[in-house]
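Take a look at the structure set out below.
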Amino acid sequence: MRQIYMDNSSTSFPKAPDLGKVMGEHIDQLGLNLGRGGYSPAIHLEQIAVETKEKLCDFFNGPHSRNVIFTSGATAGLNMVINGLLSPGDRVVTTCLEHNAVARPLHALSTYGVQNIRWERLPAEPDGNLDVDAFNKLLTTDTKMLLVTHASNVSGSLVPLCSLAKICKERNIFFVADAAQTAGSQPIDMKGLGLDGLVVAGHKGLLGPQGIGAMILTDRLASQMRPTVLGGTGSKSDLLDMPEYLPDRFEPGTLNIPGIVGLNHALDFLASQGLQAIRSHKDALARTFLEGLSVIHGVQSFGQAADVPRESVFSLVFKNMDQAEAAFRLERDFGILTRSGLHCAPLAHQTLGTFPGGSVRFSFGCFTTVADVDAALSAIAKIAKS
Ligand SMILES: Cc1ncc(COP(=O)(O)O)c(C=O)c1O
């Protein structure tokens, strides 16, 4: 039976062609450190890291390549922003669709009380549409940051960054987006939107390996953030304080250099395909999937319609069975790999009305084909009828 991977929201697969080969060659032939020794191979690696940052900066129209900080993934970047920026008495606003990478650090800060941080959430309709007007009502003079997921990893709904950015600018509030689900899939223009921070994972839509991600900060945001992980940077080694300048301030310790090499390679592949072509392909898949679902009984789908811009992530609830059972049968009988449960986003499930039972999530990647989507629709129809 042909295996059909439909869990690209978790991590993309396949990755950029030859990713393993490129990373393997790097480890075998040049697996040294950078930013430490002054010998030429180390300097060469430093150049690869800077080049990767330049590519990320161009891709997201960030402020400057030195403002790109490598992280181990989106979770690490989000924790660095949350714990590095917020101080006692601050208020922070998110959506009610956030992943636990945002929700758990904020819950810890706001609930355990040590820091007296207030966390408010923008409400959304069950289809994932945010009530942007509610943002104005939640704002106070101590609102420090708006931190929003760009797309829900449960419903695929897109958060309207543009309208929120306008309000943040007027009110002088830091605006940060969690683009774990959209980087490499939706156009993101940091400068155009006026984003102060953007957090991305390298292993999802960017088609790179696990263990590498990035956080891009404006100088304004970076200057207000404390580093939360401290250590050696290979620079200013006479000081016990972290260097003040970027990226060193937020990049202590040995970096994931094989991951950087892999991400560099994956960014080249993405550039060769073109983001617009990837987007059009995924939009076409989304239309096919949602049209097909509309005539299948016994299964409910959540999130926005296909004619509204969305991410190709879909949550389904099979009415006649447990969602884990449906996912099990999708794999056993049809070779279709999905994810069932709460997808690390209980708040989003509460919003959509799929808590605590969860959903079966189908998420398409740039290598998903129309034949894959047709096979999924046929499998869903059979399972829903049984
Ligand atoms: C919206 C969102 N934010 C953050 C994360 C965490 O990403 P990572 O696992 O790369 O740390 C995910 C992962 O699925 C996500 O979907």
Side-chain angles (χ1 to χ4, degrees), residues 5-13 15 56 60 69-83 92 94-108 121-122 124 128 130 145-161 164 176-186 188 195 197-216 228-229 256 259-260 262-263 266 282 302-303 310-315 337-352 354 358-359 361-365:
Y5 181 72
M6 292 204 161
D7 195 17
N8 288 276
S9 277
S10 171
T11 198
S12 55
F13 192 79
K15 303 290 185 189
L56 285 166
F60 298 112
I69 319 291
F70 286 127
T71 62
S72 62
T75 302
L78 291 162
N79 272 265
M80 283 158 88
V81 171
I82 290 168
N83 292 311
V92 53
T94 70
T95 73
C96 57
L97 299 169
E98 299 307 317
H99 188 274
N100 273 344
V102 166
R104 284 187 170 163
L106 284 178
H107 175 72
R121 297 193 278 275
L122 273 178
L130 270 195
M145 166 168 68
L146 173 68
L147 169 55
V148 299
T149 187
H150 187 193
S152 163
N153 69 314
V154 178
S155 65
S157 311
L158 280 180
V159 166
L161 296 183
L164 293 168
V176 178
D178 167 6
Q181 288 299 329
T182 52
S185 186
Q186 302 280 346
I188 302 174
L195 277 172
L198 183 75
V199 175
V200 302
H203 67 104
K204 297 183 195 266
L206 292 178
L207 305 179
Q210 287 93 350
I212 187 76
M215 162 174 91
I216 311 180
T228 51
V229 182
N256 175 1
I260 294 169
L263 183 56
K282 285 184 165 182
F302 294 82
R310 61 165 7 263
E311 203 31 77
S312 341
V313 179
F314 309 88
S315 263
L337 310 184
T338 58
R339 179 176 169 185
S340 69
L342 292 174
H343 316 301
C344 299
L347 300 176
H349 284 281
Q350 282 160 10
T351 306
L352 298 172
T354 53
S359 63
R361 184 179 72 182
F362 293 73
S363 48
F364 306 154

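The basis for the numbers below is simple: all heavy atoms, side chains too, and nothing from hydrogens, waters or symmetry mates. Both counts, for ligands and for their atoms, begin at 1 and track the order of listing.
- Contact between Ala151 and Glu311 at its shortest, heavy atoms only, is CB-CB, 4.0 Å.
- When all heavy atoms of Leu207 and Ala266 are compared, the pair lying nearest together is O-CB, 3.4 Å.
- Nearest approach of Thr354 to Leu342, heavy atoms of both residues: O-CD2, 4.1 Å.
- Residue-ligand proximity, Thr149 to ligand 1, at heavy-atom distances under 4.0 Å covers atoms 1 (C).
- Atoms of ligand 1 found under 4.0 Å from any heavy atom of Asn153, numbered from 1 in the order shown, are 16 (O).
- The shortest contact between atom 13 (C) of ligand 1 and any protein heavy atom is with Lys204 NZ, 2.8 Å.
- At a cut-off of 3.5 Å, with distance as the only test, no side-chain donor of Gln181 or Ser152 sits close to an acceptor on the other residue.
- When the heavy-atom distances from atom 1 (C) of ligand 1 to Val313, Leu78, Asp178 are ranked, the shortest goes to Asp178.
- For atom 15 (C) of ligand 1, the candidate residues are His99, Arg339, Gln210, His343; the nearest heavy-atom contact is made by His99.
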Go through the steps to decide whether Ser10 and Arg361 satisfy the test side-chain contact (heavy atoms from CB on, under 4.5 Å), and finish with yes or no. CA-CA 10 Å; Ser10 171; Arg361 184 179 72 182; 3.8 Å; yes
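- Ligand 1 places these atoms under 4.0 Å from at least one heavy atom of Ala101: 4 (C).
- For the residue pair Ala124 and Cys96, the shortest heavy atom distance occurs at N-SG, 3.4 Å.
- Ranking the protein heavy atoms by distance from atom 7 (O) of ligand 1 puts Ala74 CB, 3.4 Å first.
- Annotation: atom 16 (O) of ligand 1 to nearest protein heavy atom, Gln181 NE2, 2.7 Å.
- Heavy-atom proximity to Ala201, at under 4.0 Å, picks out these atoms of ligand 1: 10 (O).
- Residue contacts with ligand 1 for Thr75 involve both N, CA, C or O and side-chain atoms from C-beta outward (heavy atoms, distance under 4.0 Å).
- For ligand 1, the atoms sitting less than 4.0 Å from at least one non-hydrogen atom of Ala180 are 2 (C), 3 (N), 4 (C), 5 (C), 12 (C), 15 (C), numbered in the order shown with element in parentheses.
- Using a 4.0 Å cutoff on heavy atoms, His203 counts as a contact of ligand 1.
- A side-chain donor-acceptor contact under 3.5 Å links Ser359 and His343.
- Atom CG of Leu97 is separated from atom NE2 of His349 by 10.5 Å, given to the nearest 0.5 angstrom.
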